Amino acid sequence: YAGFVNGEGTNVLTSQAVATTTATQASPPGSYPITVTGGAAGNYAITHVAGTLVVQADTLPVFVVQPSSGSVVVGGSHLLGVSVSGTGPFSYQWQKNGVPLAGRNSSTIAFNPVSVADAGSYRVTVSNAFGTVVSADAQLVVNPVGSSVTWVSPAPVTYGEELSIGQLNAGAGGIAGSFQYSPQPGTVLPAGVHSLQVTFTPSDTNTHTVATAGVSLTVLKAPLTVRVQDTNRVVGQANPAFSLSYGGFVNGDGAGALTSLAVATSPATVASPPGQYPIAVQGASGSNYAITHFNGVLTVLSDTPVITTQP
């Protein structure tokens, strides 16, 4: 009722209004008129306003859109959601691995950022006045983030130097983990160009992946000298055996590490007169050594005594 004045109410009516409709208990879903009749009062001109009765179908919720599975990296985002039709209002309850999730009571569930703990099987129950339905399961797969190894090609080293932090210094952007190098630290590589490899294993392989990288390293030949000792003999004698000495072997090497040994020769013969003659050194070679040959001097002495100081 609307329009009473002077502080009056329905108690001043001499008869009450009555509302009726054509709909019955067996009426199908649809809209039906509500007719208002009756109602009278000595001081009021009463107008009746009709209404509408909507008979709804007694249907359970029906999924129009099911939740969809997804595969996401750690730190990414993902949205699970459903859409339903039927007789509202609806209530929602999400579950993970069959266990209800507290506070997850809407048609969507958002993950941002995604963590390893979010991985699992999700579904939602939807209820209305006529019952409850359960969605299909949606799988959320959480993948580790790809690791990235940075490694600058090191400067050349010389044969005999052990591999160390100066060459084996890869990084992984601050991600905790371990580095496995090949060749290992402490290795002495032969001269030449070599491939260095590293495998980075993160401390937590659930959040980051294993990664590999490689660089090239040039190993230079080590310097090595071969010297012949100066010597002498008397004219008419054969040349003596020349004495050779090597300087600069590393890594515990000796002359056995060379592919060919040095040879010392002189043009002086038995018939050569007294004087100085070169001793030429040549022929030494080795894959790990840059060899420099140093010649010597053979002095052929006279066999006639010479008085160098008079009385």
Side-chain angles (χ1 to χ4, degrees), residues 149-172 177-201 211-301:
V149 175
T150 56
W151 194 5
V152 178
S153 292
V157 298
T158 302
Y159 170 68
E161 294 183 41
E162 295 183 351
L163 292 179
S164 65
I165 190 66
Q167 299 79 44
L168 309 180
N169 51 14
S178 60
F179 296 88
Q180 183 66 42
Y181 292 96
S182 177
Q184 296 180 353
T187 301
V188 175
L189 295 173
V193 179
H194 299 271
S195 175
L196 307 182
Q197 300 294 322
V198 66
T199 298
F200 170 70
T201 302
T212 59
V215 295
S216 294
L217 172 66
T218 298
V219 179
L220 305 174
K221 291 184 177 183
L224 181 72
T225 61
V226 185
R227 297 178 183 272
V228 63
Q229 182 178 350
D230 293 342
T231 188
N232 59 71
R233 67 172 174 83
V234 175
V235 66
Q237 295 180 350
N239 290 339
F242 298 123
S243 177
L244 296 171
S245 62
Y246 294 87
F249 282 116
V250 295
N251 197 36
D253 291 345
L258 300 179
T259 53
S260 63
L261 297 177
V263 176
T265 61
S266 176
T269 67
V270 174
S272 297
Q276 291 188 326
Y277 298 86
I279 306 173
V281 182
Q282 60 184 357
S285 65
S287 59
N288 291 320
Y289 292 94
I291 302 174
T292 302
H293 300 83
F294 289 92
N295 297 331
V297 176
L298 170 64
T299 302
V300 177
L301 304 173

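Computation of the quantities below employed the complete heavy-atom set of this structure, encompassing side-chain atoms and omitting hydrogens, waters and symmetry-equivalent molecules. A quick note: this is a predicted structure, and the numbers were derived from the prediction, not measured.
- One finds the NE2 atom of H293 at 12.5 Å from the CZ atom of R227 (value rounded to the nearest 0.5 Å).
- Listed by first and then second residue, the ring pair (Phe, Tyr, Trp, His ring centres under 6.0 Å) pairs that reach into residues 264-284 come to none, sequence neighbours excluded.
- The aromatic rings of F179 and F200 lie tilted to each other, with the angle between the two planes from 30° to 60°.
- V228 has its side chain out of reach of S243: every pair of non-hydrogen atoms, C-beta onward, lies at least 4.5 Å apart.
- Between the CD atom in E162 and the CG atom in L168 there is a gap of 11.0 Å [rounded to 0.5 Å].
- With a 4.5 Å cut-off on side-chain heavy atoms, L258 and D253 do not count as touching.
- Crowding of Q237 atom CD: a count of heavy atoms from other residues, nucleotides or ligands under 6.0 Å exceeding 12.
- A pairwise comparison of heavy atoms in A280 and N295 identifies CA-OD1, 3.3 Å as the closest pair.
- Between L244 atom CG and L261 atom CG the span is 9.0 Å, to the nearest 0.5 Å.
- In this structure, the side chains of L163 and L217 come closer than 4.5 Å at one or more pairs of heavy atoms.
- No side-chain heavy atom of P274 sits less than 4.5 Å from a side-chain heavy atom of L301.
- Here the CZ atom belonging to R233 is positioned 5.5 Å from the CG atom belonging to L298, to the nearest 0.5 angstrom.
- Closest approach of A222 and T158 over heavy atoms only: CA-CG2, 3.6 Å.
- Contact between G160 and V250 at its shortest, heavy atoms only, is CA-CG2, 3.8 Å.
- Using a 4.5 Å cut-off on side-chain heavy atoms (C-beta onward), V297 and I279 make no contact.
- The backbone N or O of T218 sits nowhere less than 3.5 Å from a side-chain atom of H194 that would complete a donor-acceptor pair.
- Partner T299 forms a side chain to side chain contact (heavy atoms under 4.5 Å, CB included) with one of N232, T231, D230 and no other, that one being N232.
- Counting only heavy atoms from C-beta outward, the side chains of T292 and L224 never approach each other to under 4.5 Å.
- G166 and P154 make their closest contact through O-CB, 4.2 Å (heavy atoms, listed as atom of the first residue, atom of the second, distance).
- A donor-acceptor contact shorter than 3.5 Å is absent between the side chain of N288 and the backbone of P190.
- Counting all heavy atoms, side chain and backbone alike, G236 lies closest to V270 at O-CG1, 3.0 Å.
- Here the side chain of T199 pairs no donor or acceptor atom with the backbone of T212 at under 3.5 angstrom.
- Nearest heavy atom pair, residue P183 against residue L196, reads CD-CD2, 3.7 Å.
- Side-chain contact between V300 and P273 is absent, with no heavy atoms from C-beta onward closer than 4.5 Å.
- Taken to the nearest 0.5 Å, the OG1 atom of T187 stands 11.0 Å off from the CD atom of Q167.
- Applying the ring pair (Phe, Tyr, Trp, His ring centres under 6.0 Å) definition to pairs two or more places apart or across chains, those involving residues 228-247 are Y246-F249.
- Side-chain contact check for Y159 versus V188: some heavy-atom pair is nearer than 4.5 Å.
- Taking the six-membered ring wherever Trp is involved, the centroid distance between the rings of W151 and Y181 falls below 6.0 Å.
- Formation of a donor-acceptor pair under 3.5 Å by the N239 side chain with backbone atoms of T269 is not found in this model.
- Under the side chain to side chain contact (heavy atoms under 4.5 Å, CB included) criterion, S287 pairs with no residue, sequence neighbours left out.
- Between the side chain of S195 and the main chain of S216, no donor-acceptor pair closer than 3.5 Å is present.
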